[in-house]
Number of protein chains: 2
Amino acid sequence: MTIHDVAAAAGVSISTASKALNNTGRMGAETRERVKRIAGEIGFRPNALARGLLSKRSFTIGLLTNDTYGRFTLPVMAGISEALVDHGVSVFLCAIEDDPALGQIHVDAMLDKQVDGIIASGKRLDRRLPVDLSSLPVPVVYAFTEGSENSVTLRSDDAQGARLAVEWLAKLGRRRIAHITGPEDFFSVRERASAYREVAGDVEPVLYGIWAESWGHEAVGAIWDRPGEKPDAVFCGNDQIARGVVDALRERGVRVPEDVSVVGFDNWEILAAQTRPPLTSIDMGLKELGREAGLTVLALAEGRPVEPGVRKLPCRLVVRQSCGGMSPTE
Amino acid sequence: MTIHDVAAAAGVSISTASKALNNTGRMGAETRERVKRIAGEIGFRPNALARGLLSKRSFTIGLLTNDTYGRFTLPVMAGISEALVDHGVSVFLCAIEDDPALGQIHVDAMLDKQVDGIIASGKRLDRRLPVDLSSLPVPVVYAFTEGSENSVTLRSDDAQGARLAVEWLAKLGRRRIAHITGPEDFFSVRERASAYREVAGDVEPVLYGIWAESWGHEAVGAIWDRPGEKPDAVFCGNDQIARGVVDALRERGVRVPEDVSVVGFDNWEILAAQTRPPLTSIDMGLKELGREAGLTVLALAEGRPVEPGVRKLPCRLVVRQSCGGMSPTE
DNA sequence: CTGAAAGCGCTTACAG
DNA sequence: CTGAAAGCGCTTACAG
């Protein structure tokens with residue numbers, strides 16, 4: 001089923017057939033309709049390869065990621081796909097672990113296939129992918145990973161997210177808010193911690209550790225075993241830590257949210273919803289981030305101008321039950 | 001940079017250049033080498049679109065999935081990608097939720113782009129994707145989802161996995177093994193339960209519920225609150241349930257693994273490893289399943305014969321600490 | 001051993 | 001208003 005078949009069936013030339021189907025050129029409305037109808041009847045679908053060869057557009061982009069676990073990449077991917085499917089653009093997913101050779105192979109494969117652009121994504125804002133994308137013949141957008149010079153980079157606004165969490169706790173009347181978080185060498189950890197400090201003051205400590213439930217447990221032990229006043233709230237660096245904190249508090253007979261409010265970060269549905277009580281958490285809006293990344297790489301591919309630099313997208317608070325309080329009333 | 005540039009730079013015709021680069025035709029070894037060297041020097045990369053137009057192979061396949069959460073699809077995807085990258089094949093990821101219209105859009109987009117084949121994947125063995133793939137012009141392989149008549153379908157061997165779990169418990173000396181699992185309308189639930197029955201006998205009950213920690217909790221309550229002898233082991237339908245079971249037992253002062261051994265299913269790393277104690281679990285080998293699916297669709301695309309029907313891939317036991325015992329000595 | 005020509009399926013100036 | 005021709009970048013019979 002090629003355009004030749006359509007042309008033959010409609011009794012016109014292939015140029016006319018092409019123009020009819022693409023709504024270009026000028027011809028009798030009746031002719032155009034007839035060609036379209038016949039194309040539909042014989043099930044003609046234009047070959048995107050042939051079309052791409054001419055137009056220099058493949059309607060294809062590549063998503064490169066080293067987040068094999070997919071916790072971050074998957075929502076990003078969903079957003080990209082959702083935004084681009086309407087434009088007829090399909091997405092190659094390339095999981096490259098942290099292997100530079102594998103990364104290069106995938107980049108080469110994508111370039112061979114004439115992708116219109118590449119989105120680089122990762123699991124950490126302050127690390128680069130193990131492959132250099134800075135001088136490719138196609139546009140590159142960085143989403144949730146460190147970008148190269150003068151590139152377009154999209155990331156979540158972790159400071160604003162942290163503020164959102166702590167302000168919510170303050171609004172609920174909490175005054176002694178502790179912060180239990182991940183490793184200090186993470187940029188996002190430092191950014192969240194300093195936003196926390198601004199809002200919460202320094203009545204309670206920041207405890208740096210690892211991204212694990214066990215660390216949440218341990219930190220609660222350290223805080224609650226020391227003498228003196230205890231926190232009435234804990235802002236956690238992610239949901240895993242928050243889960244550990246909630247479980248540890250329950251085991252000590254401290255009631256959540258009556259005695260202590262807990263906020264997580266990531267809004268990792270499966271974890272946040274299964275915790276008892278379900279976690280109030282900060283959502284980084286990764287799907288929205290993916291959507292923006294998709295639209296941005298598309299704009300670049302079409303030659304529309306895009307301001308380079310880092311663009312921060314807002315986080316939002318998702319209220320469940322670990323803080324008490326109703327859903328946020330502005 | 002096209003083959004014209006290579007030909008010009010090497011002082012040969014484009015036919016000769018093409019043949020030199022593809023190791024076809026006959027020519028002086030010296031000419032061939034020179035062309036190759038020059039191609040490398042000017043950074044020539046053949047346009048896969050043009051190549052695909054001739055060869056009728058795009059070196060592209062599509063992965064269709066309704067598992068937006070990605071728990072199952074992601075390992076499958078990793079396996080597919082890993083198997084195919086060596087063959088120069090790239091993968092379109094199409095997340096279609098459960099939306100038939102969206103599914104059709106993605107299928108059409110893939111066909112337009114001349115994919116060499118499609119792999120359909122899901123989150124449930126006994127459900128079909130919301131789109132009919134049974135009479136496409138390209139080969140289709142089903143992985144971890146119900147396939148159509150006479151298709152090639154790959155799935156995990158849940159009965160064998162369940163047997164592995166229960167036999168492991170028996171080997172550790174457990175005699176009263178309960179089974180707490182998901183909804184009975186899941187095919188895999190029934191298959192696991194009946195394999196469990198065969199090995200464990202009927203001293204303890206099968207409790208059907210939902211795929212949630214809360215159900216694990218609740219089921220432990222039901223069992224331990226009734227009078228009479230208690231189980232000395234629990235085989236759980238998935239890791240979430242197992243986590244609920246382990247937590248509930250701990251809260252009752254029942255020691256895991258000293259008093260009761262617990263086995264999960266799925267080997268969902270992030271959950272299994274964070275449970276205290278870490279969960280021994282059954283791994284469905286989804287990455288291997290993806291690898292097989294990739295190689296199978298490739299074989300089909302190349303016209304090699306593939307036996308239709310359902311192929312079950314073996315599960316394996318991953319030993320952590322929730323059962324006691326050493327790593328399986330086989 | 002090497003090159004001119006035809007062609008993959010399509011689009012787009014350009015004639016008529 | 002419609003069609004013949006050239007061409008996107010490549011490969012592959014077929015001549016020479």
Side-chain angles (χ1 to χ4, degrees), chain A residues 1-36 38-39 42-60 88 108-116 137-138 301, chain B residues 1-36 38-39 42-60 88 108-116 137-138 301:
Chain A
M1 279 306 130
T2 76
I3 199 168
H4 286 93
D5 301 304
V6 177
V12 296
S13 72
I14 58 164
S15 350
T16 300
S18 172
K19 277 175 287 196
L21 295 171
N22 292 302
N23 285 321
T24 56
R26 30 194 70 263
M27 73 186 59
E30 181 268 334
T31 311
R32 197 184 290 278
E33 285 316 313
R34 184 163 46 86
V35 173
K36 283 184 175 179
I38 289 175
I42 67 176
F44 168 72
R45 311 209 52 116
N47 182 323
L49 264 35
R51 198 180 266 226
L53 198 52
L54 275 299
S55 67
K56 306 292 178 198
R57 284 281 315 270
S58 65
F59 289 89
T60 277
D108 288 346
M110 293 195 287
L111 293 178
D112 288 354
K113 280 157 191 154
Q114 312 294 118
V115 290
D116 297 330
V138 298
Chain B
M1 279 305 132
T2 76
I3 200 168
H4 286 92
D5 302 303
V6 176
V12 295
S13 72
I14 57 164
S15 350
T16 302
S18 173
K19 278 175 286 197
L21 295 170
N22 293 301
N23 286 321
T24 56
R26 29 195 71 263
M27 74 186 58
E30 180 268 334
T31 310
R32 196 183 291 277
E33 284 317 312
R34 184 164 46 86
V35 172
K36 283 184 174 178
I38 289 176
I42 67 177
F44 167 73
R45 312 208 50 113
N47 182 324
L49 264 34
R51 199 181 265 228
L53 199 51
L54 273 301
S55 67
K56 307 291 178 198
R57 284 281 315 267
S58 64
F59 288 90
T60 277
D108 288 345
M110 293 195 288
L111 293 178
D112 287 353
K113 280 158 190 153
Q114 314 293 121
V115 291
D116 297 330
V138 299

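Numbered from 1 within each chain, the chains take letters A, B, ... in sequence-line order.
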request  = If a protein heavy atom is under 4.0 Å from the base, mark B; if only from the sugar-phosphate, S; if neither, -; do that for nucleotides 8-16 of chain D going 5' to 3'.
outcome  = BBBBBB---
key: Side chains of A:Thr2 and A:Asp5 in contact at under 4.5 Å (non-hydrogen atoms)   =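 Yes - at least one pair of side-chain heavy atoms lies under 4.5 Å apart.
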inquiry  = A side-chain contact here means heavy atoms from C-beta on lying under 4.5 Å apart; do A:Leu21 and A:Pro46 qualify?
reply    =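 They are not in side-chain contact.
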task = Give B:Ser55 one of three labels, base, sugar-phosphate or nothing, depending on what nucleic acid heavy atoms sit under 4.0 Å from its own.
result =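 The residue B:Ser55 makes no contact with any strand.
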key: Who pairs with D:dA13 - Watson-Crick or G-U, where each distance is under 3.5 Å   =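 Answer to the pairing question: none, since D:dA13 forms no Watson-Crick or G-U pair.
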request  = Name the pairing partner of C:dA4, where a pair is Watson-Crick or G-U wobble with both distances under 3.5 Å, or state none.
outcome  =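 Pair assignment: C:dA4 / none.
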query = If only atom types and distance count, is the side chain of B:Lys113 paired as donor or acceptor with the main-chain N or O of A:Phe59 below 3.5 Å?
reply =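 Here the side-chain-to-backbone pair exists.
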task = Verify, without hydrogens or angle tests, whether B:Arg32 (side chain) and B:Thr24 (backbone) share a donor-acceptor contact under 3.5 angstrom.
result =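 Yes; at least one donor-acceptor contact below 3.5 Å.
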inquiry  = Run the salt bridge (Lys or Arg N to Asp or Glu O under 4.0 Å) test against B:Asp108 and tell me which residues pass, sequence neighbours left out.
reply    =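 In terms of salt bridge (Lys or Arg N to Asp or Glu O under 4.0 Å), with neighbours along the sequence ignored, B:Asp108 is linked to A:Arg45.
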